[in-house]
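Data block below; observations after.
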Amino acid sequence: MNSGNVLAWQVGFSKNAAKRAAKMPVREQEKLQLLLRDLRLNGPILPRWPNYSKLGAHRYHCHLSYKWVACWEVKDNRLRLIEIYYAGSREDAPYGN
């Protein structure tokens with residue numbers, strides 16, 4: 001495990017993603033919390049998550065369940081900063097943006 005969080009990533013939400021996440025079903029919010037923990041400990045590349053894929057330069061996504069997804073990007077690799085810029089319905093996900 002990561003002693004002292006020296007190598008841990010800092011993970012935050014965009015304002016829009018935080019609002020959307022708060023409206024998700026509780027079970028999906030719990031899965032999102034697991035994703036946050038995994039991002040903090042292991043960084044942005046998480047191929048063990050369902051339907052994980054790279055969306056572009058420094059952007060990634062995965063499914064929390066069939067209907068719900070999360071998208072994140074590395075804001076600063078040197079400072080180890082990740083931002084979740086979308087958490088919500090798969091139908092509304094900004095995959096191409």
Side-chain angles (χ1 to χ4, degrees):
M1 182 152 297
N2 197 351
S3 150
N5 290 329
V6 174
L7 299 177
W9 288 76
Q10 295 179 48
V11 183
F13 283 87
S14 71
K15 190 180 281 189
N16 189 30
K19 286 181 186 178
R20 284 181 170 271
K23 295 177 183 176
M24 290 172 30
V26 172
R27 181 70 183 124
E28 306 314 317
Q29 290 182 34
E30 291 169 350
K31 291 177 186 177
L32 184 58
Q33 290 303 311
L34 292 174
L35 176 64
L36 285 172
R37 183 178 187 278
D38 210 358
L39 286 167
R40 284 185 186 114
L41 293 174
N42 299 303
I45 300 171
L46 300 173
R48 67 186 159 276
W49 278 82
N51 297 87
Y52 163 85
S53 68
K54 186 169 185 171
L55 297 175
H58 311 290
R59 288 188 152 205
Y60 309 87
H61 102 292
C62 73
H63 286 209
L64 302 172
S65 64
Y66 178 76
K67 184 178 176 183
W68 303 95
V69 301
C71 301
W72 61 93
E73 68 180 317
V74 176
K75 289 298 217 178
D76 189 316
N77 200 39
R78 187 179 59 78
L79 295 176
R80 302 174 76 87
L81 299 175
I82 295 172
E83 179 182 74
I84 295 178
Y85 65 89
Y86 180 83
S89 169
R90 181 176 70 138
E91 290 79 23
D92 296 330
Y95 294 132
N97 300 340

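All residue numbers refer to positions in the sequence shown, counting from 1. Bear in mind that the values here come from a model prediction, so they are computed numbers and not experimental data.
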Test item: Trp72 and Leu35 side chains (from C-beta on) under 4.5 Å apart, heavy atoms: yes
Ala22 backbone acceptor or donor facing Gln29 side chain under 3.5 Å: yes
Sub-4.5 Å side-chain heavy-atom contact between Glu30 and Leu34: no
Shortest non-hydrogen separation from Ser65 to Glu28 and the atoms involved: OG-OE1, 3.1 Å
Within one Ile-Leu-Val-Met-Phe-Trp-Tyr cluster: Leu81 and Leu41, side-chain cutoff 4.5 Å: no
Any side-chain heavy-atom pair of Asp92 and Tyr86 under 4.5 Å: yes
Closest contact, heavy atoms only, Gln10 versus Leu79: NE2-O, 4.3 Å
Met24 CE to Lys67 NZ distance, which is reported to the nearest 0.5 Å: 10.5 Å
Donor-acceptor pair, side chain of Trp9 and main chain of Pro44, under 3.5 angstrom: no
Inter-residue atom distance Ser89.OG - Lys23.NZ, 0.5 Å rounding: 13.0 Å
Single-linkage hydrophobic cluster Phe13~Leu46, side-chain heavy atoms < 4.5 angstrom: yes
Non-hydrogen atoms of Leu64 and Lys31 that approach each other most closely: O-CD, 3.0 Å
Shortest non-hydrogen contact between Cys71 and Pro94, atoms and distance: SG-CD, 4.5 Å
Validation row: Lys15, Lys19 side chains within 4.5 angstrom (heavy atoms): yes
Co-membership, hydrophobic cluster, residues Ile45 and Trp49, 4.5 Å side-chain: yes
Tyr60 vs Ser53 side-chain heavy atoms within contact, under 4.5 Å: no
Separation of Asp76 CG from Ile82 CD1 (nearest 0.5 Å): 11.0 Å
Validation row: His58, Lys75 side chains within 4.5 angstrom (heavy atoms): no
Check: Arg90 and Asn51 side chains under 4.5 Å, non-hydrogen atoms: no
Atom pair NE2/NZ of His61 and Lys54 - distance to nearest 0.5 Å: 14.5 Å
Side chains of Arg59 and Tyr85 in contact at under 4.5 Å (non-hydrogen atoms): yes
